[in-house]
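For reference, the structure discussed in these notes is given below.
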Amino acid sequence: MTPPEDVAELKTQRARLPRTRSSSHARTATCGVSDVRVLIVDDHDDTRRMFAEYLAWHGALTLEANSVAEALVVLQREVVHVVVTDVAMPREDGYALLARMDAAPAWASIPRIVVSGHSSVMEASERAPRATYLKKPIDLDRLLEAIAASYAHAER
């Protein structure tokens with residue numbers, strides 16, 4: 001598959017925020033996301049960047065995509081440990097991404113977290129039975145914990 005022409009330069013983020021020893025940081029430091037490669041797929045730049053900055057601050061390596069097409073390019077080029085995807089996106093939705101991942105043996109076992117402000121838990125469990133579902137607005141600590149748990153479970 002050739003990358004779409006409009007695919008932006010892929011980037012991996014590390015924390016740009018100062019690290020402090022707050023109680024929140026001490027709690028999340030034990031969550032096990034250090035060096036976990038997380039692909040964040042969301043068409044809203046602000047949401048995607050907020051997730052990326054927060055996760056990077058806690059030691060995760062973040063990759064970003066603003067569409068299913070861009071996410072597929074990242075999956076082809078990079079090692080990804082966990083995918084966090086929004087459901088409602090133009091052209092193809094997050095469920096289409098998960099179906100494409102299920103169809104590719106190399107990606108089928110990657111843990112996924114579905115984020116939505118529109119879908120119900122019932123719809124998510126039917127359309128993405130192996131995914132963890134988080135309803136927007138997202139509690140960032142809960143996202144961090146879900147990523148850590150998904151990654152730890154996949155490693156077994």
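Every value quoted in this text rests on a predicted model; they were computed, and no experiment measured them.
- Rounding to the nearest 0.5 Å places OG of S67 at 12.5 Å from CG of D93.
- Considering only heavy atoms from C-beta on, L75 comes within 4.5 Å of L39 through its side chain.
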| request: Show the numbers, then the answer: is there a side-chain contact (heavy atoms from CB on, under 4.5 Å) between V114 and L134? | output: CA-CA 6 Å; V114 174; L134 298 176; over 6 Å; no

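- Interatomic distance, L140 CG to L55 CG, rounded to the nearest 0.5 Å: 7.5 Å.
- Residues N66 and R48 meet the side-chain proximity criterion, which asks for heavy atoms closer than 4.5 Å.
- Interatomic distance, W57 CH2 to T62 OG1, rounded to the nearest 0.5 Å: 15.0 Å.
- Distance check, rounded to the nearest 0.5 Å: CD1 of I110 to CE of M101 gives 4.5 Å.
- Taking CD1 from I113 and OH from Y151, the interatomic distance works out to 13.5 Å, rounded to the nearest 0.5 Å.
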| task | Determine, stepwise, if the pair I40 / V83 fulfils side-chain contact (heavy atoms from CB on, under 4.5 Å). | result | CA-CA 6 Å; I40 303 161; V83 171; over 6 Å; no

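- A donor-acceptor pair under 3.5 Å is absent between the side-chain atoms of H81 and the main chain of V36, judged by distance alone.
- Contact record, R112 with L98: CG-CD2, 3.3 Å, taken as the closest heavy-atom pair.
- Using a 4.5 Å cut-off on side-chain heavy atoms (C-beta onward), V115 and I138 make contact.
- Ion pair D102/R130 flagged as a salt bridge, since at least one NZ, NE, NH1 or NH2 atom sits closer than 4.0 Å to an Asp/Glu carboxylate oxygen.
- Salt-bridge annotation for K136 and D86: present, with a side-chain N of the basic residue lying under 4.0 Å from a carboxylate O of the acidic one.
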